[in-house]
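Before any comments, here is the structure.
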Amino acid sequence: MTTRIPRTIAVLATTLVSIALLTGASKPESSAASFIEGIYDLQEWHTDAGVLKTPQIYGHFVVLRGTITTVLHNGASPEKTTIAGIGHYSFDANGHFSYAYDDSETITEDSSGLKVERKLPWTGEKVFTQVERTPTSLRIKTADGGTEFYFTKTSFAAFDNGKPLRSYKRVIK
């Protein structure tokens, strides 16, 4: 199973990159969508044990054409974990971003075998409002301030209650 997961991720990423290149769709530079939509490669995953980097971890965060897809793999400990989620996103008339996962799966592999959990990370949509916007960046937060995203033209960082969670490099706009 461990060799199938990376192949599946590679096929998914290749397909999504191809779709983005073929459609050539882009948003005006001034819109929130121009900062948010794209394909991102996971660079860092902050945990209680420290900051993990490739090759310990790898993954993608994809926000394209109304669909959001997250694939994350943490192979840093003897217990390997892969998380895959797919959902939807939208922008309202004010440019506020919201998203939710419709399906999510966490696969954990350890010495006793595989365990699969199909549970959404949360229920309902996370709705973000713009906090700070410059010509080169966009910072958005949920109303409770628990989740914050910071986008530039080349990167994306996620924060949970003010603490860094994950950082990504944009590979396709």
Side-chain angles (χ1 to χ4, degrees), residues 1-2 4-6 8-13 15-16 32-33 35-54 56-92 95-110 112-131 138-151 155-172:
M1 183 69 169
T2 54
R4 283 186 58 193
I5 293 171
T8 302
I9 293 168
V11 169
L12 173 65
T15 302
L16 292 170
F35 282 103
I36 296 172
E37 291 180 328
I39 300 175
Y40 302 86
D41 281 339
L42 182 63
Q43 302 296 299
E44 294 183 343
W45 189 337
H46 296 252
T47 69
D48 291 339
V51 179
L52 306 176
K53 297 181 180 192
T54 57
Q56 297 171 308
I57 51 96
Y58 56 87
H60 292 87
F61 183 69
V62 180
V63 186
L64 285 174
R65 302 180 66 169
T67 301
I68 191 162
T69 306
T70 302
V71 179
L72 304 169
H73 179 74
N74 182 343
S77 66
E79 181 179 272
K80 314 277 187 259
T81 304
T82 300
I83 302 165
I86 190 164
H88 61 277
Y89 72 92
S90 62
F91 295 93
D92 68 13
H96 297 147
F97 174 71
S98 63
Y99 80 105
Y101 287 105
D102 302 315
D103 287 301
S104 183
E105 208 169 79
T106 301
I107 303 164
T108 306
E109 180 181 14
D110 59 20
S112 63
L114 290 175
K115 175 184 161 193
V116 178
E117 181 180 357
R118 291 180 176 92
K119 181 181 174 192
L120 296 176
W122 67 84
T123 56
E125 290 195 341
K126 281 194 178 189
V127 179
F128 293 80
T129 56
Q130 292 182 23
V131 175
L138 174 68
R139 183 179 307 276
I140 57 177
K141 280 187 180 183
T142 54
D144 66 2
T147 303
E148 179 181 336
F149 290 167
Y150 179 72
F151 295 92
S155 66
F156 158 57
F159 299 86
D160 185 33
N161 292 311
K163 294 181 183 177
L165 182 58
R166 286 185 280 278
S167 63
Y168 297 82
K169 176 182 172 187
R170 183 189 296 258
V171 292
I172 286 247

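Note that the coordinates shown come from a computational prediction; the quantities given were computed from them, not determined experimentally.
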Residues that [X] engages under side chain to side chain donor-acceptor pair (under 3.5 Å), provided they are two or more places apart:
X: Thr70; result: Tyr101
X: Lys126; result: Thr147
X: Glu148; result: Arg139
X: Thr123; result: none

Suppose we screen for side-chain contact (heavy atoms from CB on, under 4.5 Å). Which residues come up paired with [X], at least two apart in sequence or across chains?
X: Gln56; result: Leu52, Ala76
X: Asp160; result: Leu165
X: Ser98; result: Ser90, Glu125, Val127

Checklist entry - Taking Thr54 for the side chain and Ile57 for the main chain, is one N or O donor matched with an acceptor at less than 3.5 Å? => result no
Next on the checklist: By the salt bridge (charged side-chain N to carboxylate O under 4.0 Å, His left out) test, which pairs, at least two apart or in different chains, include something from residues 38-50?
Outcome noted: Glu44-Lys53
Checklist entry - Please, which pairs that meet salt bridge (charged side-chain N to carboxylate O under 4.0 Å, His left out) have at least one residue in residues 95-106, sequence neighbours excluded? => result Glu105-Arg118
Item to check | Tyr40: partners by ring pair (Phe, Tyr, Trp, His ring centres under 6.0 Å), with sequence neighbours left out | outcome: Phe156
Checklist entry - How about Thr129 and His96: does a side-chain donor come under 3.5 Å of a side-chain acceptor? => result no
